[in-house]
Amino acid sequence: MRLIRRLRANLVVIAGVLALGYLILPNLVVLAFSFNKPKSRFNYTWNQFSTDAWQHPCGVAGMCGSLTLSLKIAVYATLAATVLGTMTAFALARYRFRGRAATNMLIFLPMAMPEVVMGASLGTLFLNMRIQFGFWTILIAHIMFCLSFVVTAVKARVMSMDPRLEQAAQDLYATPTQTFLRVTLPLAAPGIAAGALLSFALSFDDYIITSFNAGNSVTFPMFVWGSAQRGTPVQVNVIGTAVFVLAVLLVLAGQLVGGRRKARG
Amino acid sequence: MTAATEPLPPPAAAPPRPPKAMRRAAARRRRVPYLLLLAGVAWLLVFFVAPMVYQASTSVQTGTLEDGFKVTWHFATYWDALSEYWPHFVRSLVYAGIATALCLVIGYPLAYTIAFRAGRWRNVLLILVIAPFFTSFLIRTLAWETILADQGPVVSFLNDVHLLDVTSWLRITQGDRVLATPLAVVCGLTYNFLPFMILPLYTSLERVDGRLHEAAGDLYATPFTVFRKVTFPLSMPGVVAGTLLTFIPASGDYINAELLGSTNQQMIGNVIESQFLRVLDYPTAAALSFLLMAVILAVVTLYIRRAGTEELV
């Protein structure tokens with residue numbers, strides 16, 4: 001009986017590890033093929049090991065420009081969405097007011113809407129208001145869809161915070177500003193950071209909504225999409241791998257710092 | 001997650017009328033949430049709600065790009081769009097449905113492993129689940145082209161064990177190809193939306209008290225019974241959230257159908273995209289968007305009602 005139970009328990013773990021493999025497999029392929037020297041324009045079959053692409057990451061026309069544009073938009077969109085989203089989240093988590101349910105609904109809807117619908121409708125609006133498509137329209141769209149995710153992340157954190165800590169600060173004669181800066185904000189920081197990180201990743205990676213609102217501007221995902229037809233350059237794999245490694249390192253570092261802080265406190 | 005009921009501000013006015021300054025402070029305090037909300041809500045109203053309303057009006061317009069479009073309450077656009085593109089709707093729902101089911105089947109063991117069996121590896125595993133997000137999903141989808149390539153290892157293996165004969169017979173692959181078939185598209189969809197299933201599942205499983213499993217075991221429940229009667233029902237909020245987060249975006253997706261499928265696997269997203277960006281037929285694109293939302297809403301409502309009454313009890 002125990003043997004069967006153990007086997008069954010491990011069956012779950014085996015299935016889990018296989019699922020993890022399914023998730024990671026494409027990343028490994030991207031990594032491997034960033035060292036390929038493709039025979040033709042298409043980097044689909046393995047030919048020869050080479051570090052060319054890593055030595056000349058910007059050797060493809062237009063790619064690094066699109067990368068810069070994507071980074072710029074992701075930074076601005078994250079800043080704006082984080083500020084607006086944090087304010088909204090505090091209102092929703094800390095106050096009862098008329099229209100609260102409606103606001104919650106308004107926040108939820110963009111996350112539950114297929115991207116193609118959101119992209120097309122915002123595009124139609126810009127088109128008819130004769131607003132020039134480009135940097136600003138992309139930025140507006142990105143702030144719009146990142147906002148809900150920030151609100152959700154921050155709201156979850158704020159709702160789990162103990163309001164008595166802030167009351168204690170007030171009892172100790174902290175002014176509202178001091179309470180906010182020295183108690184509330186540090187407590188909410190992990191939620192805000194999670195929201196900002198998510199928003200950055202979403203913005204940097206978005207193709208569907210962007211393609212409806214970009215006009216002639218080319219973001220990195222749009223460059224990748226365009227290059228897919230002509231044959232994706234190896235450098236795309238390099239950028240993909242580099243971003244992946246950087247992000248994982250960042251998250252690991254965050255974990256280490258957070259863990260140490262937890263151990264200390 | 002400690003606070004199930006959220007903290008409320010103290011009631012503003014007590015029976016003996018408070019002094020003027022206090023009343024003013026209370027009024028100011030009541031204004032605070034609205035001030036906090038102002039910017040965020042305004043942004044969503046202008047750039048999310050208004051476009052939807054505008055889209056609704058576009059869907060009943062007629063005209064051409066040169067002469068401009070006018071609202072003529074031409075509801076026939078809906079009918080025309082539906083009669084022409086209903087196969088795409090059906091295909092989108094079927095693909096998204098299968099992908100969602102697969103995500104649940106593949107994702108559940110992983111979420112379960114992380115929640116109950118990972119021990120100190122828990123954070124590492126969680127990072128590994130989120131990590132693929134950091135490589136652009138377009139690049140990862142393109143990687144599937146390599147993995148499923150015609151002479152690639154996956155296809156050769158499936159060929160060797162004669163699985164491709166079975167799948168060809170089921171009409172989900174064609175000959176000895178996997179790329180440009182329904183199987184490839186569903187595989188891509190499943191892959192792309194798997195994390196959206198795993199994370200909510202994990203969140204709700206993590207809250208399940210492990211002692212409940214022990215208790216069930218003490219009462220002579222087999223592991224399968226424990227799962228069926230205890231674990232799974234308790235993880236239902238995660239199952240519902242994960243299914244919605246997978247199904248809704250998957251049914252509107254067109255990336256996977258475009259990159260991994262052929263013209264025979266086009267989904268409704270592909271049609272909306274080409275009507276909007278290439279054909280420039282905005283009324284049809286708008287009507288299709290609304291039809292897609294309506295269909296999704298109907299499916300989701302049905303699903304929530306079922307999941308909410310039968311399985312949750």
Side-chain angles (χ1 to χ4, degrees), chain A residues 5 8 12-13 15-16 19-20 22-27 29-30 33 44-45 84-85 87-88 90-91 93 95-97 103 106 110 112 114-117 120-125 128 140 143-144 147 159-160 162-163 201 205 207 212 220-221 224-225 228 232 236 240 243-244 247-248 251 255, chain B residues 1-3 6-9 32-33 36-37 39-41 43-44 47-48 50-52 54-55 58 106-107 109-110 112-113 117 123 127-129 131-140 142-147 149 194 223 248-249 251-252 254 259 269 272-273 276 282 285-286 289 292-293:
Chain A
R5 194 179 291 175
R8 214 169 250 177
V12 174
V13 176
L20 200 62
Y22 180 62
L23 271 177
I24 305 287
L25 180 67
N27 287 74
V29 172
V30 172
F33 277 75
Y44 292 149
T45 43
L84 298 185
M87 280 162 45
T88 310
F90 265 99
Y95 298 92
R96 267 285 144 87
F97 54 90
T103 312
L106 181 67
E115 280 188 272
V116 67
V117 174
S121 59
L122 191 55
T124 317
L125 186 77
N128 281 280
I140 286 172
I143 296 173
M144 184 268 287
L147 195 53
M159 281 172 97
S160 72
D162 192 339
D205 205 19
Y207 172 75
F212 285 99
F220 183 62
V224 176
W225 175 267
T232 319
V236 164
V243 173
F244 174 72
V248 172
V251 173
Q255 278 279 323
Chain B
M1 307 294 132
T2 47
E6 55 197 286
L8 286 176
V32 170
L36 282 173
L37 280 178
V41 167
W43 198 277
L44 286 183
F47 298 118
F48 176 72
M52 290 290 165
Y54 197 82
Q55 185 85 321
T58 306
I106 298 171
L110 183 51
Y112 189 94
T113 306
R117 310 228 175 262
N123 280 338
I127 290 174
L128 284 176
V129 170
F133 266 116
F134 295 124
T135 304
S136 163
F137 80 102
L138 275 175
I139 301 180
R140 285 180 283 129
L142 287 172
W144 278 105
E145 284 192 20
T146 307
I147 299 168
L194 191 53
I248 296 173
S251 51
Y254 60 84
L259 295 180
I272 298 177
E273 192 245 4
F276 190 96
Y282 302 114
S289 302
L292 176 62
M293 281 199 298

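What you see is a predicted model; the values in this text were computed from it and never measured. Every chain is numbered from 1, with letters handed out A, B, ... down the list of sequences.
- In this structure, A/Phe97 and B/Pro33 approach most closely via the heavy-atom pair CD2-CB, 3.6 Å.
- For the pair B/Phe276 and A/Val116, the minimum side-chain heavy-atom distance is 4.5 Å or more.
- Taking the six-membered ring for Trp, B/Phe137 and A/Trp225 have ring centres at least 6.0 Å apart.
- Considering only heavy atoms from C-beta on, B/Ile248 comes within 4.5 Å of A/Pro114 through its side chain.
- Residues A/Thr124 and B/Pro51 form no side-chain contact, since every pair of their non-hydrogen atoms from C-beta on lies 4.5 Å or further apart.
- A/Asn128 has its side chain out of reach of B/Tyr282: every pair of non-hydrogen atoms, C-beta onward, lies at least 4.5 Å apart.
- Considering all non-hydrogen atoms of both residues, B/Leu110 and A/Gly16 come closest at CD1-O, 3.2 Å.
- Contact of the B/Val129 side chain with the A/Leu23 side chain is registered, since non-hydrogen atoms from C-beta on lie closer than 4.5 Å.
- Proximity to chain B (any heavy atom under 4.5 Å) is shown, for A/Leu122, by both the backbone and the side chain.
- Residue A/Thr88 touches chain B through both its backbone and its side chain, counting heavy-atom pairs closer than 4.5 Å.
- Evaluation of the side chain to side chain contact (heavy atoms under 4.5 Å, CB included) rule for A/Ala15 yields B/Pro109 as partners, not counting sequence neighbours.
- For a residue to count as touching a neighbouring chain, one of its non-hydrogen atoms must lie under 4.5 Å from one of that chain's; by this rule A/Val29 touches chain B with the side chain only.
- In this structure the side chain of A/Phe220 never reaches within 4.5 angstrom of the side chain of B/Leu138, judged on heavy atoms.
- At least one side-chain heavy atom of B/Ile147 sits less than 4.5 Å from a side-chain heavy atom of A/Leu25.
- In this structure, B/Thr113 and A/Leu20 have side chains that are not in contact, with every pair of non-hydrogen atoms separated by 4.5 Å or more.
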